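The structure appears right after this line, and notes come after that.
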Amino acid sequence: MMATTKGLCEICFPKQWKTISADMLTDSGYPVYGANGVIGCYSEYNHEEPTLLVTCRGATCGTLNICEPYSYINGNAMALDNLTDEVDIKYLYYYLLNRGFEDVITGSAQPQIVRQSLQKVKVTYPDKKKQAEIVKVLESIERIIESRKQQLQLLNDLVKARFVEMFGDPVLNPYGWDIVTIGDIVTDVRYGTSKPAIEGGKYPYLRMNNLTCDGHLDLSDMKYIDIPDDEIEKCIVRKGDVLFNRTNSIELVGKTCIFDLPDEMVIAGYIIRIRLNEKLLPVVLSNYMNLPSLKEKLRSMAKGAVNQANINAQELQRIKIYLPPIELQNQFSAFVEQVNKSKFVVQKALDEAQLLFDSLMQKYFN
């Protein structure tokens, strides 16, 4: 297959447009694209056609988006204007998604991408017919991936709805359950270790980024650690432990989930390990802590520092919680177990689709 290779700046004109301040944004009008997608609306637009955007400032530098027709593109995103007719915009999106921008990002305190650094980016592309074929295949797999993600979200929402249906709002306590503090129902509360991760460590090492905002474990980015035998019991986690992220940004502090894996792991110091007595099931506490009203309470409790907020073990144990009858808790636990079986099937299908997508990206663009 014959292919052409040109510099990115030869096939388009990367440009940062004038930034609209936040106070100029409106609720209606033309969509405004910032660093990570639509951030509001404005009375004017600066792009009539769909345009490929590259986030050029901040922690998400290098993120790609394609704007809608008749949009305003802010200066936090580099617009790849005047794309040549030789290259399909979605083909270029996939090509650059596979390539990445690690080698063109500059700055440490404030990462950025400037037009000059994009001069080194080369793009290889076949004829338009072949580009269209590649795009069609990748788009079809992306639709499957998105569908599976939506299924997982619906299953998560189902559990949350069932929790409120069975136990009621924690603030209103409509069923009049007994109220206790978390400290009243724990057998053990401990911080994790402050030791650093190492290459080839014996134990998987859970850090705060491994706890998701909606109460699950994310093991996609794992580190490992060695811990002396005489210290391991202080920081090991086992199936049934509840994990609480005590230090993070104000938006993320208080992330809570159950450790439901068979193999032991070690937790970092920004995580608190909670072990409960027989009065409350871990699945109930975890779902309780992930209710919107509890999230708001945690944010109000957190002590602020520079880019960080903290809730210590003593403050955590003072949080109040209702105690539903154990029979009802067991019913909820059984319901969650059934939902988790469905999630396992969907997650497996998602992983397979993602693996296929990644392999095809490698095939087409490497």
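Nothing here was measured: the structure is a model prediction, and the numbers come from that model. Residue numbers count from 1 along this sequence.
For residues 241-255, the set of pairs meeting the salt bridge (charged side-chain N to carboxylate O under 4.0 Å, His left out) definition, not counting sequence neighbours, comprises D241-R275.
The CD1 atom of I271 sits 10.5 Å away from atom OG1 of T247, with the distance rounded to the nearest 0.5 Å. In this structure, M78 CE and L8 CG are separated by 9.5 Å, a value rounded to the nearest 0.5 Å. Taken from CG in D214 to CG in L211, the straight-line distance is 10.5 Å, to the nearest 0.5 Å. Note that CD1 of I182 is 8.5 Å distant from CG of L276, once rounded to the nearest 0.5 Å. With values rounded to the nearest 0.5 angstrom, I144 atom CD1 is found 11.5 Å from Q354 atom CD. To the nearest 0.5 angstrom, Q151 atom CD is 12.0 Å from N156 atom CG.
A distance-only check finds a donor-acceptor pair linking the side chain of S117 to the backbone of V104 [under 3.5 Å]. For T84 (side chain) and N82 (main-chain N/O), no donor-acceptor pair under 3.5 Å exists by modelled atom type. Formation of a donor-acceptor pair under 3.5 Å by the N210 side chain with backbone atoms of L206 is not found in this model. Without hydrogens or angle criteria, D184 side chain to T181 main chain gives a donor-acceptor distance under 3.5 Å. For N290 (side chain) and S286 (main-chain N/O), a donor-acceptor pair under 3.5 Å exists by modelled atom type. S359 places a side-chain N or O within 3.5 Å of a backbone atom of L356 that can act as its donor or acceptor partner. Not a single donor-acceptor pair under 3.5 Å links the side chain of E165 to the backbone N or O of R162.
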Criterion side-chain contact (heavy atoms from CB on, under 4.5 Å) on V186 and N277, from CA distance to verdict: CA-CA 5 Å; V186 298; N277 63 26; over 6 Å; no
side-chain contact (heavy atoms from CB on, under 4.5 Å) assessment of I272 paired with V189: CA-CA 7 Å; I272 297 175; V189 175; 3.5 Å; yes
Criterion salt bridge (charged side-chain N to carboxylate O under 4.0 Å, His left out) on K149 and E146, from CA distance to verdict: CA-CA 5 Å; K149 288 180 178 179; E146 185 57 32; 5.2 Å; no
Verdict with supporting geometry, L138 and I134, side-chain contact (heavy atoms from CB on, under 4.5 Å): CA-CA 6 Å; L138 294 176; I134 292 172; 3.9 Å; yes
side-chain contact (heavy atoms from CB on, under 4.5 Å) between L261 and L217, worked out: CA-CA 10 Å; L261 302 174; L217 285 173; 4.0 Å; yes
Candidate pair E133 and K128, rule salt bridge (charged side-chain N to carboxylate O under 4.0 Å, His left out), full reasoning: CA-CA 9 Å; E133 292 173 0; K128 289 292 286 287; over 6 Å; no
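Across all non-hydrogen atoms, the minimal contact from R299 to E296 is NH2-OE1, 3.1 Å. Of all non-hydrogen atoms in A309 and V253, the two that sit nearest each other are O-CG2, 3.8 Å. Scanning all heavy atoms of the two residues, the minimum distance from I145 to A353 falls at CG1-CB, 3.8 Å. Of all non-hydrogen atoms in C67 and E49, the two that sit nearest each other are SG-O, 3.9 Å. Shortest non-hydrogen contact noted between I311 and A302 is CG1-CA, 3.9 Å. Heavy atoms only, all atoms of each residue included: Q16 and C56 are closest at NE2-SG, 3.4 Å.
The side-chain hydrogen bond (donor to acceptor under 3.5 Å, both in side chains) search around S28 returns none, not counting sequence neighbours. Every residue meeting the side chain to side chain contact (heavy atoms under 4.5 Å, CB included) condition with V171, not counting sequence neighbours, appears here in chain and number order: D169, S293. For N46, the side chain to side chain contact (heavy atoms under 4.5 Å, CB included) partners are W17, Y72, I73, not counting sequence neighbours. With sequence neighbours excluded, the residues forming a side chain to side chain contact (heavy atoms under 4.5 Å, CB included) with E139 are K90, Y94, V135, R143, listed by chain and number. Listed by chain and number, the residues in a side chain to side chain contact (heavy atoms under 4.5 Å, CB included) with L152 are K343, V346, Q347, L350 (sequence neighbours excluded).
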Review item, side-chain donor-acceptor pairs of residues 191-198, under 3.5 Å, at least two apart:
residue, atom, partner, partner atom, Å
Y191, OH, A313, N, 3.0
T193, OG1, K195, N, 3.1

Under 3.5 Å, which donor-acceptor pairs do the side chains of residues 31-42 form with other protein atoms, sequence neighbours left out?
residue, atom, partner, partner atom, Å
Y33, OH, E68, N, 3.1
N36, OD1, T60, OG1, 2.8
N36, ND2, T60, OG1, 3.3

Side-chain atoms of residues 18-25: list all donor-acceptor pairs with protein atoms under 3.5 Å, sequence neighbours left out, distances to 0.1 Å.
residue, atom, partner, partner atom, Å
T19, OG1, G75, N, 3.0
S21, OG, D23, OD1, 2.4

Donor-acceptor contacts, no H, no angles, side chain residues 220-231, under 3.5 Å, sequence neighbours left out:
residue, atom, partner, partner atom, Å
S220, OG, D218, OD1, 2.8
S220, OG, D218, OD2, 3.4
D226, OD1, K202, N, 2.7

Residues 329-338 side chain polar contacts: donor-acceptor under 3.5 Å, at least two apart:
residue, atom, partner, partner atom, Å
Q329, OE1, L281, N, 2.8
Q329, NE2, K279, O, 3.1
Q329, NE2, P324, O, 2.9
N330, ND2, I326, O, 3.3

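Under the 4.5 Å side-chain heavy-atom criterion for grouping Ile, Leu, Val, Met, Phe, Trp and Tyr, Y70 is not connected to L53 through any hydrophobic cluster. At a threshold of 4.5 Å between side-chain heavy atoms, the hydrophobic network of Ile, Leu, Val, Met, Phe, Trp and Tyr places I236 and M208 in two separate groups. Residues L285 and I179 fall within the same hydrophobic cluster, defined by Ile, Leu, Val, Met, Phe, Trp and Tyr side chains chained together at heavy-atom separations under 4.5 Å.
Considering Y125, F365, Y364 as possible partners of Y95, the one that fulfils the ring pair (Phe, Tyr, Trp, His ring centres under 6.0 Å) test is F365.
Classification of the F163-F167 ring pair by plane angle, with boundaries at 30° and 60°, yields perpendicular.
Between the side chains of N245 and N248, at least one donor-acceptor pair of N or O atoms lies under 3.5 Å. A donor atom on one side chain and an acceptor atom on the other are not found under 3.5 Å apart for Q131 and D127.
In D157, the CG atom is crowded: over 12 heavy atoms of neighbouring residues, nucleotides or ligands sit closer than 6.0 Å. More than 12 heavy atoms of other shown residues, nucleotides or ligands fall within 6.0 angstrom of atom OH in Y322. In Y270, the OH atom is not crowded: 12 or fewer heavy atoms of neighbouring residues, nucleotides or ligands sit closer than 6.0 Å.
At least one test fails for R273 against the ring of F259: distance under 6.0 Å to the centre or angle within 45° of the axis.
Using a 4.0 Å cut-off between charged side-chain N and carboxylate O, K239 and E264 make no salt bridge.
Chaining together hydrophobic side chains whose heavy atoms lie under 4.5 Å apart leaves L252 on its own.
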